[in-house]
Amino acid sequence: MPRVELSDLGWTTDRAAALPAGSEAARVVRVDRGRLTVLTAGGERRAHPAPALRDDVVGGPAVGDWVALRGELAVAVLPRRSAFTRTAAGRTSAAQVVAANVDTVLVVDALTGPARLRRVERYLAVAWSSGAAPVVVLTKADLCPDVPAGVAQVAEDAVGVPVLAVSSITGEGLDAVRALVPAGATAAMVGPSGVGKSSLANALAGHEVAGTRGIREDGRGRHTTTARELHRLPGGGLLVDTPGLRELGLHDDAEGIDRAFADVAELGTRCRYRDCGHRGEPGCAVAAAIDDGRLDPARFTSWRKLQAEAHRQQLRVDARARAEERARLRAVHRARRTQPNRVR
Ligand SMILES: Nc1nc2c(ncn2[C@@H]2O[C@H](COP(=O)(O)OP(=O)(O)O)[C@@H](O)[C@H]2O)c(=O)[nH]1
Ligand SMILES: [Mg+2]
Ligand SMILES: [Zn+2]
């Protein structure tokens, strides 16, 4: 690979301060059973995390991370600007990072079939809580008889978020997506399987970077999207194709939800009681908006479900943190009990 400018990989000079002396900056494009593929100014290289980083699920290198390299060793992960985390699985209270330093999240859905508004809302909340700015990209425009209507329907729910229509077959709308991922910017695609994420990645890249369904249904002989990878686009932007977002959890804070449901959050500030639960309290502005048709009750239900999920997540994180603390204390006590014998 020819030499590249670090800025084309998303490097900003303010990150340099976090780089340990004698190390070189590199961006993680792929993580394979703990082994890293990284991009440096000199091109693509293999590397591996230093032992201290290896077992750290939160702090360990993830796709999109900037790491400090000493030879083949990644000795540090530089502070993240944003992070997608996996919270559902895992043995510790800590969420696992699946993609880091993402500027823009392309929330992908198809214009075919009924609009999956509830799903888009959820993705938007996850995107906002990751620290990146979302955009909705509606694919398969070539198959949709009324694209403006399809866009308008989603736009109504995607408050304050651009909604674009594209076709990976005809190329319609691709330039608008490219404009969202200029040189040095990093975008990640999220969305259900089958909506055309990999096709979009390939169309943007101008050649096949991601395996799609439909070419070979059995998936043999080609890489289906099971591993996350950072792809370089011709315009200099970077794109992460994430497999199914089901695994991506809401963060345990409600901030992402508040942004995705800015309309509901705004109504909530007008309720008579500051701690109004919008469950029939007098003077509830949310109930009033539902009554006179300004707020879709299905959207309100969706908001409530996500709120409950974030709350459960918070409780889970707290419970796991307590369990970990208990286990740590038990280990300390055990060590103390056995120590005198060993000393003697
Ligand atoms: N007509 C049409 N089909 C598309 C488009 N994008 C994807 N597809 C088809 O939709 C199916 C799923 O696409 P794929 O990219 O694998 O979806 P992914 O699971 O989200 O990565 C494949 O059969 C694609 O050929 C599009 O813009 N137009
Ligand atoms: Mg795919
Ligand atoms: Zn209320």
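Values below: every heavy atom of this structure, side chains too, minus hydrogens, waters and symmetry copies. Counting convention: from 1, in listed order, for ligands and their atoms alike.
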Problem - Distance-only N or O hit between ligand 1 and A141, under 3.5 Å - result: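 For ligand 1, there is no N or O atom that lies under 3.5 Å from one belonging to A141.
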
Handout entry: N or O contact, L200 vs ligand 1, cut-off under 3.5 Å
Key =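 Not met; the criterion fails.
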
Where the closest heavy atom to [atom] is concerned, which of [options] has it?
| atom | options | value |
| --- | --- | --- |
| atom 21 (O) of ligand 1 | A201, G173, A203, S198 | S198 |
| atom 14 (P) of ligand 1 | S199, S168, G194 | S199 |
| atom 2 (C) of ligand 1 | L138, I169, V190 | I169 |

Problem - Cluster link V75 to V97, ILVMFWY, side chain under 4.5 Å - result: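 No, no single cluster joins them.
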
Exercise for the section: Evaluate the ring planes of W66 and W11, with Trp represented by its six-membered ring, and classify them as parallel (under 30°), tilted (30 to 60°) or perpendicular (over 60°). Expected result: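 W66 and W11: perpendicular rings.
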
Charged N to carboxylate O below 4.0 Å: is that the case for [X] and [Y]?
| X | Y | value |
| --- | --- | --- |
| R122 | E309 | yes |
| D109 | R119 | no |
| E121 | R299 | yes |
| R118 | D157 | yes |
| D32 | R30 | yes |

Exercise for the section: Using 2.8 Å as a strict upper limit, say whether an N, O or S atom of S199 approaches the Mg ion (ligand 2) that closely. Expected result: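 Under 2.8 Å: S199 has no N, O or S contact with the Mg ion (ligand 2).
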
Problem - More than 12 heavy atoms from other groups under 6.0 Å of CD on E5 - result: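 Counting neighbours around CD of E5, 12 or fewer heavy atoms of other residues, nucleotides or ligands fall under 6.0 Å, so no.
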
Problem - E281 CD: over 12 foreign heavy atoms closer than 6.0 Å - result: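 More than 12 heavy atoms, drawn from other residues, nucleotides or ligands, come within 6.0 Å of this atom.
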
Practice task
Heavy-atom contacts with S167 under 4.0 Å: which atoms of ligand 1 show up? List them by number with element.
Solution key: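 Counting from 1, the qualifying ligand atoms are 27 (O).
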
Exercise for the section: Would you mind running through ligand 1 and noting each atom that sits below 4.0 Å from a heavy atom of S193? Expected result: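 It comes down to these atoms of ligand 1: 19 (O).
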
Handout entry: Tally of protein N, O or S atoms, where distance to the Zn ion (ligand 3) is under 2.8 Å
Key =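 Number of qualifying protein atoms: 4.
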
Exercise for the section: Check whether the side chains of T186 and R27 place a donor and an acceptor atom closer than 3.5 Å, and report yes or no. Expected result: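 Short answer, yes.
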
Practice task
Assess T139 for proximity to ligand 1: is some non-hydrogen atom of it under 4.0 Å away?
Solution key: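 Heavy atoms of T139 never come under 4.0 Å of ligand 1.
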
